[in-house]
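Structure first, then comments.
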There are 2 protein chains.
Amino acid sequence: MNEGGKRRTRIQTENRGKILEAALEVFSRDGFRGATVDRIAEAAGMSKPNLLYYFAGKEEIYRTLLEGLLETWLDPLREMDPDGEPLREIRGYLRRKLEMARDYPRESRLFAGEMLRGAPLLEPVLKGELRELVEEKAMIIRGWIKNKKLAPHDPKHLIFAIWATTQHYADFDTQVRAVLGDDGEGRFEDAARFLERLFSDGLRRT
Amino acid sequence: MNEGGKRRTRIQTENRGKILEAALEVFSRDGFRGATVDRIAEAAGMSKPNLLYYFAGKEEIYRTLLEGLLETWLDPLREMDPDGEPLREIRGYLRRKLEMARDYPRESRLFAGEMLRGAPLLEPVLKGELRELVEEKAMIIRGWIKNKKLAPHDPKHLIFAIWATTQHYADFDTQVRAVLGDDGEGRFEDAARFLERLFSDGLRRT
DNA sequence: CCCTGCCTTGACCGGTTGGTAAAATCGACG
DNA sequence: CGTCGATTTTACCAACCGGTCAAGGCAGGG
């Protein structure tokens, strides 16, 4: 942190943190346009002008949030080890991704909202960093398939499927809870069991 | 249509249609709060007061859209036939759902946006109609499992997985295209191949 | 005590937004 | 043609929103 030599006082560090936490809460619920600086300020426990003393504007808060979160968000995929046992690696990735949906649903919704809008701010990262990372991991998976360790599947669509099925439990939580009703308590454990079996049996070489 | 005996002139029918089409375009891109009545009016080719002559307000347009689309949206699931061959029925549902993501991405995004916001308008439908429909189809799948036609899986999470993987190609289209790059042209065909195999092999009794 | 730099606030501003009032226009029918 | 209801437009408003400004509080160093 603190790159570019930006010195920060203790109060600045604290208040920027409070603002980002509040902004995550508000942006993830209402989207970029739906969120108001007033509500973020209120959630952060300070006045609007005070908030704007720490951030130049609404978009800068949003951008800071997105960029800060992106690294965390891609980490689980980075951890996929080319030298590991294929099915184990994929199951591990699936599990880590589902845990993130469970533990960081607001972050997941923030990204989802950005995607729905056409990702005006994230587009360069999607076409650059993300695309390269996926390409790299797709190569690994293709290697596993070539070595007959995995059934032949399109690696990128496999990754999409893992993203989709796990993030669903964060982004569509309302729907999931509504459908499951009172059985919704153990939904993440049930989902983990289901998804691990689906992908294991779906990918195993028979 | 025209329930409740609401008489409509030809112009009313036409203009309400134009407004709903324009509203789908705008709401699906910008969300409920991000959309403005002005932009909807412009997209519909009429002035704002004129638009408000046909609909009482922004929310009524949005609500009308959601309710009208819901039936269409649930139809593919309704078509799942308890007397059909299990794997064939599930593959068929998967295929129909993916075709909807391809042919009606705006509708998919509209629902996704509503879910992200916590589904304030749709909640009753989710807890009522949708929940009952899923419960009914889950029973059918449980029957198939009992008759050893299908590997034992949690039926509701299976349905979630189908929703998630198919809608992903509409809601996260920006991401999918960014990651696939120039290979993105045949993404729906590739997705169909991948998903049919994944679910077939993942659900088949071995 | 005062100066100084960080932090906070209330008052305010221009632009946008959802929505309204009322007058003007249209068009089907006698 | 003339009438009357349906439709459209012009002008407008109050609320809200992102952001600014100038004045003040506050703590530490002299």
Side-chain angles (χ1 to χ4, degrees), chain A residues 2 4-66 110 113-114 117 120-121, chain B residues 2 4-66 110 113-114 117 120-121:
Chain A
N2 241 344
K6 281 180 203 151
R7 299 275 161 77
R8 298 247 163 86
T9 68
R10 179 182 51 86
I11 292 187
Q12 274 172 352
T13 310
E14 278 177 16
N15 279 347
R16 282 179 66 97
K18 270 200 279 189
I19 291 169
L20 288 176
E21 158 63 27
L24 175 59
E25 186 71 27
V26 176
F27 277 131
S28 68
R29 186 157 30 83
D30 301 335
F32 177 72
R33 300 204 57 168
T36 71
V37 178
D38 268 304
R39 260 213 291 270
I40 298 174
E42 194 197 330
M46 64 182 72
S47 67
K48 179 171 61 171
N50 198 187
L51 180 148
L52 289 169
Y53 171 74
Y54 292 101
F55 286 89
K58 183 182 174 181
E59 190 178 313
E60 199 196 289
I61 309 176
Y62 187 71
R63 195 186 295 272
T64 305
L65 260 186
L66 274 184
L110 192 76
E114 180 64 10
R117 296 199 309 142
L121 296 179
Chain B
N2 239 344
K6 280 180 202 152
R7 299 274 164 79
R8 298 247 162 87
T9 68
R10 179 182 52 85
I11 292 186
Q12 276 172 352
T13 309
E14 277 178 17
N15 279 347
R16 283 180 64 99
K18 270 200 279 190
I19 291 169
L20 288 176
E21 158 63 27
L24 175 58
E25 186 71 27
V26 176
F27 277 132
S28 68
R29 185 157 30 85
D30 301 335
F32 177 72
R33 302 206 57 170
T36 71
V37 178
D38 267 305
R39 260 215 291 271
I40 298 174
E42 193 198 331
M46 64 182 73
S47 67
K48 179 170 64 170
N50 196 186
L51 180 149
L52 289 167
Y53 170 73
Y54 291 101
F55 286 90
K58 183 180 174 181
E59 188 178 313
E60 198 196 290
I61 308 176
Y62 187 70
R63 194 187 295 273
T64 306
L65 260 186
L66 275 183
L110 191 77
E114 180 65 10
R117 298 198 309 141
L121 296 180

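Each chain gets a letter, A, B and so on, in the order the sequences are listed, and its residues count up from 1.
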Original post:
When you measure from the side chain of A:Ile11, which nucleotide among C:dC7, D:dG18, D:dA6 comes out closest?
Top reply: C:dC7
**OP:** When you get a sec, tell me which of C:dG19, C:dA21, D:dG19 is the closest nucleotide to the side chain of B:Pro49?
**Re:** C:dA21
**OP:** Provide, to the nearest angstrom, the distance between the CG atom belonging to B:Leu51 and the C1' atom belonging to C:dG19.
**Re:** 11 Å
**OP:** Using atom CD1 of B:Ile19 as one end and atom P of D:dT7 as the other, report the distance to the nearest whole Å.
**Re:** 11 Å
**OP:** Give the C-alpha distance, both sets of side-chain angles, the deciding distance and a yes or no for salt bridge (charged side-chain N to carboxylate O under 4.0 Å, His left out) between B:Glu14 and B:Arg10.
**Re:** CA-CA 6 Å; B:Glu14 277 178 17; B:Arg10 179 182 52 85; 3.3 Å; yes
Original post:
Is the distance from OP1 or OP2 of D:dT8 to the nearest side-chain N or O of B:Tyr53 less than 4.0 Å?
Top reply: no
Original post:
Nearest to the side chain of A:Leu52 - C:dG18, D:dT20, D:dC17?
Top reply: D:dT20
**OP:** Find the distance A:Glu42:CD to D:dG18:C1' and express it as a whole number of Å.
**Re:** 17 Å
**OP:** Report the distance from atom CE of A:Met46 to atom P of D:dG25, rounded to the nearest whole Å.
**Re:** 20 Å
**OP:** Compare side-chain N and O positions of B:Asn15 against OP1 and OP2 of D:dA6 and report whether any pair is under 4.0 Å apart.
**Re:** no
**OP:** Could you tell me the separation between the CD atom of A:Glu114 and the CZ atom of A:Phe32, rounded to the nearest 0.5 Å?
**Re:** 9.0 Å
Subject >> Between P of C:dA11 and NZ of A:Lys48, the distance in whole Å >> reply: 14 Å
Subject >> B:Val37 and B:Phe55, any side-chain heavy atoms less than 4.5 Å apart >> reply: no
**OP:** Please determine if a side-chain N or O atom of A:Thr9 lies less than 4.0 Å away from the OP1 or OP2 oxygen of C:dC7.
**Re:** yes
Original post:
Counting any heavy atom closer than 4.0 Å, what does B:Ala41 reach on the DNA or RNA strands: base, sugar-phosphate only, or nothing?
Top reply: nothing
**OP:** Considering just the side-chain nitrogens and oxygens of B:Tyr54, establish if one lies under 4.0 Å of OP1 or OP2 belonging to D:dT8.
**Re:** yes
Subject >> Nearest-nucleotide 5' precedence on DNA chain D, B:Arg10 against B:Arg33 >> reply: B:Arg10
Subject >> Nearest atoms (heavy-atom pairs only) where A:Ser28 meets A:Leu110 >> reply: N-CD1, 4.0 Å
**OP:** Specify the separation, in whole Å, of atom CD of B:Gln12 and atom P of D:dA6.
**Re:** 8 Å
Subject >> Nucleotide C:dT16, atom C1' - distance to CG of B:Asp38 in whole Å >> reply: 9 Å
**OP:** Find the distance between OG1 (A:Thr64) and CD (A:Glu59) and round it off to the nearest 0.5 Å.
**Re:** 10.0 Å
Original post:
Within the structure shown, what part of the strands sits under 4.0 Å from B:Ser47 by heavy-atom distance: base, sugar-phosphate, or nothing?
Top reply: base
Subject >> Residue B:Asn50, side-chain atoms from C-beta onward, closest of C:dC7, C:dG19, D:dT9 >> reply: D:dT9
**OP:** Could you tell me the separation between the CZ atom of A:Phe55 and the P atom of D:dG19, rounded to a whole number of Å?
**Re:** 13 Å
